[in-house]
Number of protein chains: 2
Amino acid sequence: MGKIKIPIKKLEIPNKRQVCFSKRMMGIFKKASELSIMCGAEIAIIVYSPAGKAFTFGSPDIDFVVDKYQNIPVHINDEKVQKSWRSEQKYNFILRELDPEKKHIEMLKRQERSKQADLW
Amino acid sequence: MGKIKIPIKKLEIPNKRQVCFSKRMMGIFKKASELSIMCGAEIAIIVYSPAGKAFTFGSPDIDFVVDKYQNIPVHINDEKVQKSWRSEQKYNFILRELDPEKKHIEMLKRQERSKQADLW
DNA sequence: TTGCCTATGTATAAGTG
DNA sequence: TCACTTATACATAGGCA
């Protein structure tokens with residue numbers, strides 16, 4: 001997405017990594033903001049920079065969404081709600097080095113998997 | 001980002017909202033994956049669809065990052081680490097209806113604010 | 001619908017001063 | 001280095017089969 005194509009792999013030059021991190025993180029936060037506005041979604045994002053510094057984004061609020069995710073009980077008789085009750089769909093995929101064509105196909109397949117109407 | 005420009009505001013047509021949510025969420029997850037690979041960042045994303053269904057993305061792992069964020073104690077003498085110890089930088093901004101020019105300026109200002117070298 | 005296409009809007013890598 | 005621009009790659013809204 002710039003003047004030249006950058007392969008999706010670890011940037012070894014610290015300055016480039018820093019600039020790239022800054023720009024892309026803001027890009028992601030912006031997109032998350034748009035998603036929450038346009039679709040009424042609730043979103044929490046936690047990012048640790050390579051240096052270990054944390055940045056967060058939340059809509060309506062980071063802790064509201066994180067607590068909801070962790071099923072923290074809303075003070076109902078001291079009863080603990082277990083984490084295992086969660087039923088969310090996880091995406092832990094890592095983008096491998098693929099040529100653009102295969103990359104596109106893989107992304108479309110992921111969309112397909114997640115588009116089963118009953119999930120929404 | 002499509003054939004026509006869509007204002008960043010709530011989509012009222014349910015089908016459009018669903019399709020937009022699906023496409024954009026996958027886009028955000030893809031970008032998050034790229035950020036973690038290219039910059040070595042740790043990322044956790046939790047999204048609740050308008051219907052209340054949860055989707056998550058994590059690198060290296062959603063719970064690893066979320067637990068780190070919440071400073072969950074690693075079993076050190078039963079001592080509780082308080083949430084208030086956190087020192088992350090929060091972005092709870094909401095993108096308002098701005099003309100593209102002002103929007104661009106606002107984004108640059110955010111980048112600027114977050115670009116102080118000692119934070120990284 | 002559902003899966004895919006493509007025209008166009010956006011994000012961003014490198015350039016510039 | 002920094003603030004800003006620009007060329008290019010990428011994401012996506014609506015179209016279509």
Side-chain angles (χ1 to χ4, degrees), chain A residues 1-39 41 45 47 57 91 93 95 97-120, chain B residues 1-39 41 45 47 57 91 93 95 97-120:
Chain A
M1 281 147 166
K3 294 204 175 171
I4 67 166
K5 182 189 172 95
I6 297 290
I8 303 301
K9 57 188 300 187
K10 185 163 165 43
L11 297 169
E12 300 295 349
I13 300 165
N15 182 54
K16 280 200 175 182
R17 197 165 58 233
Q18 180 185 80
V19 172
C20 179
F21 178 78
S22 171
K23 286 187 175 180
R24 281 170 171 267
M25 193 189 66
M26 291 315 300
I28 289 172
F29 283 8
K30 182 164 180 286
K31 293 229 168 232
S33 172
E34 291 175 356
L35 182 65
S36 74
I37 292 169
M38 297 175 77
C39 306
I45 303 182
V47 182
F57 170 84
Y91 293 85
F93 60 85
L95 295 176
E97 281 298 322
L98 298 172
D99 62 83
E101 194 183 359
K102 287 190 177 177
K103 225 170 194 169
H104 187 57
I105 289 170
E106 185 178 272
M107 189 180 173
L108 289 170
K109 282 184 181 170
R110 279 202 301 275
Q111 287 184 353
E112 186 180 357
R113 252 182 276 134
S114 66
K115 214 182 281 177
Q116 305 156 50
D118 61 309
L119 291 177
W120 311 86
Chain B
M1 273 155 168
K3 295 206 175 171
I4 67 167
K5 183 190 172 96
I6 297 289
I8 304 301
K9 57 188 298 188
K10 186 162 166 41
L11 296 171
E12 299 296 348
I13 300 165
N15 182 55
K16 279 200 176 182
R17 198 163 60 231
Q18 179 187 82
V19 172
C20 179
F21 177 79
S22 171
K23 286 186 175 181
R24 281 170 170 265
M25 193 188 65
M26 290 315 299
I28 289 172
F29 283 8
K30 181 163 181 284
K31 292 229 167 231
S33 172
E34 292 175 355
L35 183 65
S36 74
I37 292 170
M38 297 175 75
C39 306
I45 304 181
V47 182
F57 170 84
Y91 293 85
F93 61 86
L95 294 177
E97 282 298 322
L98 299 171
D99 61 83
E101 194 183 359
K102 287 190 178 178
K103 225 170 193 169
H104 187 57
I105 289 170
E106 187 178 270
M107 190 180 172
L108 289 170
K109 282 184 181 170
R110 279 201 303 273
Q111 288 183 353
E112 187 180 357
R113 250 181 278 132
S114 65
K115 215 182 280 175
Q116 304 156 52
D118 62 309
L119 292 176
W120 311 87

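Just so it is clear, the model here is predicted, and its values are computed rather than measured. The basis for the numbers below is simple: all heavy atoms, side chains too, and nothing from hydrogens, waters or symmetry mates. In the text below, chain A, chain B and the rest are named by the order of the sequence lines, each starting its count at 1.
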Contact check, side chains of [X] and [Y], non-hydrogen atoms, under 4.5 Å:
X	Y	answer
A:F21	A:V47	yes
B:F57	B:I28	no
B:E34	B:K30	yes

Using atom [atom1] of [X] as one end and atom [atom2] of [N] as the other, report the distance to the nearest whole Å.
X	N	atom1	atom2	answer
B:L35	C:dT12	CG	P	9 Å
B:I8	D:dA13	CD1	P	8 Å
A:F29	C:dA11	CZ	P	15 Å
A:R24	D:dA11	CZ	C1'	12 Å
B:I6	D:dA11	CD1	P	19 Å
B:R17	D:dT12	CZ	P	18 Å
B:K30	C:dA11	NZ	P	14 Å
A:M26	D:dC4	CE	P	16 Å

- request: Could you say whether B:I4 or B:M38 is positioned toward the 5' end of DNA chain C, judged by the nucleotide with the nearest heavy atom to each?
  value: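 So the residue in question is B:I4.
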5' precedence on DNA chain C between B:N15 and A:I28 (nearest-nucleotide basis):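 In this pair, the answer is B:N15.
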message: Counting only side-chain nitrogens and oxygens, does B:K5 get under 4.0 Å of the OP1 or OP2 atom of D:dT12?
response: no
- prompt: Can you tell me if the side-chain N/O atoms of B:K16 get under 4.0 Å from OP1 or OP2 in D:dG14?
  reply: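 Affirmative; the distance criterion is met.
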Every protein N/O lying under 3.5 Å from an N/O of nucleotides 15-17 of chain D:
none

- prompt: More than 12 foreign heavy atoms under 6.0 Å from NZ of A:K16: is that the case here?
  reply: no
field: Nearest atoms (heavy-atom pairs only) where B:L35 meets A:C20
entry: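 Closest heavy-atom pair between B:L35 and A:C20: CD1-O, 4.5 Å.
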- prompt: Where is the tightest heavy-atom contact between B:I37 and A:I8, given as atom of each residue plus distance?
  reply: CG2-O, 3.8 Å
field: Contacts of B:R17 that satisfy salt bridge (charged side-chain N to carboxylate O under 4.0 Å, His left out) - sequence neighbours left out
entry: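 In terms of salt bridge (charged side-chain N to carboxylate O under 4.0 Å, His left out), with neighbours along the sequence ignored, B:R17 is linked to no residue.
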